[in-house]
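What follows is a set of notes on a single structure, which appears directly below.
Residue indices begin at 1 and follow the sequence shown.
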Amino acid sequence: MTVQDTYAPVLASAYQRSVAEYWNREKNPVNLRLGEVDGIYHHHYGIGDADWSVLEGPEETRDERVTAELHRLECAQADLLLNHLGNVSSDDRLLDSGSGRGGGSLVANKRFGCHVDGVSISETQVAFANEQAEKRGVADKVRFHLKNMLDTGFESGRFRAIWNNESTMYVDLSQLFPEYSRMLRHGGRYVTITGCYNDTYGLPSRAVSEINAHYICDIHPRSSYFKEMARNRLVPAAVVDLTEATIPYWELRAQSPLATGIEKAFLSAYKDGSFQYLLIAADRV
């Protein structure tokens, strides 16, 4: 079976195929090295005050200290997202939409003891994440699927909660939120942490455009999230501006051997106000 045959039911456009190919090939040390710290592989950024002392001390262990600190900050971001999922029981089902290498799903299962489904359009990511679940002995409760978040095929009302962690910029929100509204049970919770451009700034700034080009994504304006949620029975329960909280992560990453060159664009966009880092939690009514 060819790659194209495998993806036929999942990828609906040339753009989606290009995104899948990007993440199938991706072996960025800033993702892999951080995951090697404790075996939890996240694909997102961090929040909180950085411990700048990691830049001091023996030169031969500096990279190790910085990598561990970046991982601590990204784990703090994942924990914050999970804090907003509400009351989750061990019998509930959650959906990690755009699940990457599976770190968020594994952390959620460890905290709540619940069932978690992860979906990604990257065959490589799905295989890697399922291997991680097997290694931890939780494959009976945590499973990753090669599925498109815009059309998952899961039954209506299946999930107690759904989240996106920095993955909504790859899809059309007017198609995404109807699917989530369908899959969430009444009273269920949706949470996203995402970068969005500031409507009051106007069109995307040059730095935001650089980020789009780097990740082949399309960052949405802040207003689009609330407009499309309102159209699909998703009522915001919490909105947290994490922009200031994420700047230390980027400043530390810029001084690390894991820097990719995009750090300057992120810092510039956050500091000039054209780009914001938000957590939005919404209830399905």
Within-4.5 Å side-chain heavy-atom neighbours: Leu252 and Leu55: yes

Nearest-0.5 Å distance that lies between atom SG in Cys75 and atom CD1 in Ile40: 7.5 Å

Residue pair Ser97 / Tyr180, side-chain donor-acceptor N/O under 3.5 Å: yes

Donor on one side chain, acceptor on other, Ser53 and Asp51, under 3.5 Å: yes

Note, Glu263 side chain near Thr260 side chain (heavy atom, < 4.5 Å): yes

Arg111 side chain to Asn83 side chain, donor-acceptor N/O pair below 3.5 angstrom: yes

Between Ser174 and Glu228: side-chain donor-acceptor atoms closer than 3.5 Å: no

Steps toward side chain to side chain contact (heavy atoms under 4.5 Å, CB included) verdict (Leu34, Thr67): CA-CA 6 Å; Leu34 270 60; Thr67 298; 3.8 Å; yes

Any donor-acceptor N or O pair under 3.5 Å, side chains Glu123, Asn24: no

Asp92 with Arg185: basic N within carboxylate O range, under 4.0 Å: yes

CG-OG1 distance between Leu278 and Thr243, expressed to the nearest 0.5 angstrom: 6.0 Å

Between Thr168 and Tyr225: side-chain donor-acceptor atoms closer than 3.5 Å: yes

pair Leu173-Met229: side-chain heavy atoms closer than 4.5 Å: no

Check: Ser156/Arg182 side-chain N/O donor and acceptor closer than 3.5 Å: yes

Cluster check Val235, Leu85: I/L/V/M/F/W/Y, side chain < 4.5 angstrom: no

Glu26 bridged to Arg101 by N-O distance under 4.0 Å: yes

Heavy-atom side-chain contact between Leu234 and Leu184 under 4.5 Å: yes

Nearest-0.5 Å distance that lies between atom CG in Asp63 and atom CD in Glu59: 7.5 Å

Qualifying ring-ring contact (aromatic ring centres under 6.0 Å, His included) pairs, either residue in residues 142-167, two or more places apart: His145-Phe154, Phe154-Phe159

Tyr15 reachable from Ile121 in the ILVMFWY side-chain graph, under 4.5 Å edges: yes

Shared hydrophobic cluster, Val171 / Phe226 (ILVMFWY, side-chain heavy atoms < 4.5 Å): yes

Plane angle bin for Tyr45 and Tyr249 - parallel if under 30°, tilted between 30 and 60°, otherwise perpendicular: tilted

Polar contact flag, side-chain donor to acceptor under 3.5 angstrom, Asn165-Gln77: yes

Side-chain donor-acceptor pair present, His71, Asp38, cut-off under 3.5 Å: yes

Leu70 and Ser256: CA distance, side-chain angles, deciding distance, side chain to side chain contact (heavy atoms under 4.5 Å, CB included) verdict: CA-CA 9 Å; Leu70 289 171; Ser256 82; 4.0 Å; yes

Tyr197/Phe275 aromatic ring centres below 6.0 Å: no

Distance, nearest 0.5 Å, that separates CD1 of Ile211 from CZ of Arg206: 13.0 Å

Trace of the side chain to side chain contact (heavy atoms under 4.5 Å, CB included) decision for Asp96 with Val119: CA-CA 6 Å; Asp96 182 358; Val119 298; over 6 Å; no

Residue Asp140 excluded, over 12 heavy atoms near CG under 6.0 Å: yes

Validation row: Trp52, Glu69 side chains within 4.5 angstrom (heavy atoms): no

Flag side-chain contact, heavy atom, 4.5 Å: Asn130 against Glu134: no

Approximate separation, where rounding is to 0.5 Å, of Ile262 CD1 and Leu267 CG: 10.5 Å

Non-hydrogen side-chain atoms of Arg231 and Lys227 separated by less than 4.5 Å: yes

Glu64 atom CD: more than 12 heavy-atom contacts under 6.0 Å: no

Ser181 and Asn232: side chain donor to acceptor below 3.5 Å: no

Output field: ring centroids Tyr215/Tyr22 closer than 6.0 Å: no

Closest approach of Leu94 to Cys114 (non-hydrogen atoms, all atoms of both residues): CD1-SG, 3.5 Å

Donor-acceptor pair between Gln125 and Ser99 side chains, under 3.5 angstrom: no

Exercise: do Asn198 and Ser274 side chains pair donor with acceptor under 3.5 Å: no

Side chain to side chain contact (heavy atoms under 4.5 Å, CB included) between Thr194 and Tyr277, worked out: CA-CA 6 Å; Thr194 187; Tyr277 196 51; over 6 Å; no

Side-chain donor-acceptor contact under 3.5 Å, Asn164 with Thr192: no

Whether Trp250 and Tyr270 hold their rings parallel, tilted or perpendicular, with breakpoints at 30° and 60°: tilted

Ionic contact status for Lys147 with Asp117, cut-off 4.0 Å: no

Tyr41 versus Glu74, side-chain donor and acceptor atoms under 3.5 Å: no

In one Ile/Leu/Val/Met/Phe/Trp/Tyr side-chain cluster, 4.5 Å: Tyr201, Ile247: no

Value rounded to 0.5 Å, distance of CE in Met149 from CE in Met183: 9.5 Å

Under 3.5 Å: donor-acceptor pair, side chain of Arg233, backbone of Val285: yes

Presence of salt bridge, Arg65 and Glu60, under 4.0 angstrom: no

Path from Val37 to Val54 over hydrophobic side-chain contacts below 4.5 Å: no

